[in-house]
Amino acid sequence: MITHGALADERADWAWCCSRAAQDVTSGVADQAIVCCWTGTGASIAANKVPGIRAALCVDAATAAGARRWNDANVLAVSLRLTSAPLLEEILDAWFSGGASADETDLANIAYLSEIEN
Ligand SMILES: O=C(CO)[C@H](O)[C@H](O)COP(=O)(O)O
């Protein structure tokens, strides 16, 4: 596990630490990243600024499962304000047990994101 921000010797503001975690994913040193801030908004925006990142702000397990399945999300964004410890456990279980859909339409959506990003 690679840590950033307050858990590492680097700038802890959300724009810096969340984009750095996302860069770990696109550089290949991490498979996925989990980012957070008080609302979760800045964390997801910062991660999504990194090309190749599909960050999903997940407030419950169903959203996390959908993010993995339909969005092939590679960054989980969490709101510290909204997420209790038991809820986080549910979200993480759904996130780590999920996987991307092989459905043609779902794949086309993901491919289109790459297309419009460049
Ligand atoms: O939710 C956030 C950004 O989307 C931040 O957590 C919020 O701006 C507060 O920042 P800080 O914790 O550095 O005072």
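Whatever order the structure lists ligands and atoms in, that order sets their numbers, starting from 1.
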E117 side-chain N/O to G52 backbone N/O, donor-acceptor pair under 3.5 Å: yes
Co-members of the apolar cluster containing I45 [side chain, <4.5 Å]: none
Heavy-atom distance under 4.5 Å between the side chains of Q32 and R68, does that happen here? yes
For V29, does its backbone N or O pair with a side-chain atom of D24 as donor and acceptor, under 3.5 Å? no
Distance-only donor-acceptor pairs under 3.5 Å for side chains of residues 34-42, two or more places apart:
{"residue": "T39", "atom": "OG1", "partner": "T41", "partner atom": "N", "Å": "3.1"}
{"residue": "T39", "atom": "OG1", "partner": "T41", "partner atom": "OG1", "Å": "3.3"}

Pairs where residues 72-94 contributes a residue and the test side chain to side chain donor-acceptor pair (under 3.5 Å) is met, not counting sequence neighbours: R54-D72
Protein N/O near ligand 1 N/O, under 3.5 Å, which pairs?
{"residue": "ligand 1", "atom": "1 (O)", "partner": "W38", "partner atom": "N", "Å": "3.3"}
{"residue": "ligand 1", "atom": "1 (O)", "partner": "T39", "partner atom": "N", "Å": "2.9"}
{"residue": "ligand 1", "atom": "1 (O)", "partner": "T39", "partner atom": "OG1", "Å": "2.9"}
{"residue": "ligand 1", "atom": "4 (O)", "partner": "T39", "partner atom": "OG1", "Å": "3.0"}
{"residue": "ligand 1", "atom": "4 (O)", "partner": "G42", "partner atom": "N", "Å": "2.9"}
{"residue": "ligand 1", "atom": "6 (O)", "partner": "W38", "partner atom": "N", "Å": "2.9"}

